[in-house]
Amino acid sequence: MLEIHNISRSYTGSSQTHTVIDHLNLTVCDHDFFVIVGPSGCGKSTLLRLIGGFDRPDSGSLLLDGTEITAPSKDIMMVFQSFDQLFPWYTVLGNLTYAMKKAGLFRTLAERKECARSYLSMAGLSGFENAYPHQLSGGMKQRAALARALSLKPKVLLMDEPFSSLDIATKKALYPIVTAMAAQTGCTILLVTHDIHEARTLGSHIAVMSRQKKGISAVFSKEAMPEAETLEKMLEENA
Ligand SMILES: Nc1ncnc2c1ncn2[C@@H]1O[C@H](COP(=O)(O)OP(=O)(O)OP(=O)(O)O)[C@@H](O)[C@H]1O
Ligand SMILES: [Mg+2]
């Protein structure tokens with residue numbers, strides 16, 4: 001379980017301090033697919049960086065299974081918006097086996113390859129194991145990045161607008177794959193998006209972040225998820 005207690009984060013510029021997150025609280029349970037929406041600049045990426053241990057709050061605490069998050073670890077992986085996350089000099093399979101080796105998973109290359117193939121199959125990339133990243137479409141690169149992150153068996157996967165550079169048809173084709181991968185791996189996922197349809201399709205929960213509140217203004221579970229129009233309106237009100 002991920003517990004965020006009263007965290008605040010400010011950035012100091014040349015003349016003034018700008019508080020981005022102010023006493024934010026959030027609990028994300030194991031296996032949740034937690035989607036965060038909010039207007040540009042409200043602090044979504046800042047929040048993900050804090051959860052990933054890439055940044056530290058000025059006050060408050062972040063706990064994963066009761067242990068404070070103080071630095072990046074292999075328990076928490078991140079997938080970004082950029083299509084350039086894969087190592088260009090490795091094949092798709094090589095990207096996964098290299099990451100596994102670095103993470104100390106499995107003793108032999110054969111074991112790593114077998115595991116990598118199963119994650120690539122989940123991501124719909126069977127047959128592309130030997131392709132290089134430049135030979136893949138944007139959607140395929142993102143699926144490969146997702147497979148690589150999940151193959152390291154993190155407890156939590158953070159995704160910062162991973163699909164926002166893809167066209168609508170590609171995104172729609174990707175959603176069932178992402179949902180199935182989340183279910184099969186049981187990984188807890190936090191995903192940031194500006195796409196309300198994406199949030200409603202993927203999320204077990206949706207959190208709305210607010211610029212005025214400098215925190216989370218509402219959390220909805222799947223059963224109580226508002227219509228897309230209502231969510232759009234909330235986003236405008238929270239801008
Ligand atoms: N390292 C930093 N130094 C100074 N200011 C920063 C830093 N990182 C973020 N900020 C500021 O914090 C605010 C929130 O930024 P953040 O990137 O978290 O927003 P966001 O919600 O992810 O926006 P977007 O939807 O556009 O990606 C912005 O005003 C930004 O300029
Ligand atoms: Mg951002």
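Just so you know, ligand 1 is whichever comes first in the structure, and atom 1 is the first atom listed for that ligand.
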**Q.** Protein heavy atom at shortest distance from atom 9 (C) of ligand 1
**A.** Tyr11 CE1, 3.4 Å
Q) At the 4.0 Å heavy-atom cut-off, does Met209 count as touching ligand 1? A) no
Q.
Tell me whether the rings of Tyr90 and Tyr98 are parallel (<30°), tilted (30 to 60°) or perpendicular (>60°).
A. tilted
Q. Out of Thr193, Leu48, Val20, whose heavy atom sits nearest atom 12 (O) of ligand 1?
A. Val20
Q: Kindly check if the number of other-residue, nucleotide or ligand heavy atoms within 6.0 Å of NZ (Lys153) is above 12?
A: yes
Q | Heavy atoms from other residues, nucleotides or ligands near CD of Glu114 exceed 12 (cutoff 6.0 Å) | A | no
Q) Nearest protein heavy-atom contact for atom 27 (O) of ligand 1: which residue, which atom, what distance? A) Glu161 OE2, 3.5 Å
Q: Pick one of side chain, backbone, both or neither for how Arg9 approaches ligand 1, counting any non-hydrogen atom pair under 4.0 Å.
A: neither
Q: Name the closest protein heavy atom to atom 29 (O) of ligand 1, giving the residue it belongs to and the distance to 0.1 Å.
A: His18 CE1, 3.2 Å
Q. Right, does atom 14 (C) of ligand 1 have protein non-hydrogen atoms nearer than 4.0 Å?
A. yes
Q.
Could you tell me if Thr108 and Glu111 have a donor-acceptor pair between their side chains, going purely by distance under 3.5 Å?
A. yes
Q | Option of least heavy-atom distance to atom 17 (O) of ligand 1 (set: Gly13, Ser164, Gly41, Ser45) | A | Ser45
Q) Can a donor-acceptor pair be found between the side chains of Glu68 and Ser61 at a distance below 3.5 Å? A) no
(Q) Can you confirm if the aromatic rings of Tyr11 and His18 lie within a centre distance of less than 6.0 Å? (A) no
Q.
Taking atom CZ as the centre, does Phe83 end up with more than 12 heavy-atom neighbours from other residues, nucleotides or ligands that are less than 6.0 angstrom away?
A. yes
Q: With heavy atoms only and a cut-off of under 4.0 Å, state how Thr46 meets ligand 1: side chain, backbone, both or neither.
A: both
Q | Whether Gly43 lies under 4.0 Å from ligand 1, heavy atom | A | yes
Q. Nearest protein heavy atom to atom 24 (P) of ligand 1, by residue and atom, and its distance?
A. Ser40 OG, 3.5 Å
Q) Does atom NZ of Lys74 have more than 12 heavy-atom neighbours, drawn from other residues, nucleotides or ligands, at distances under 6.0 Å? A) no
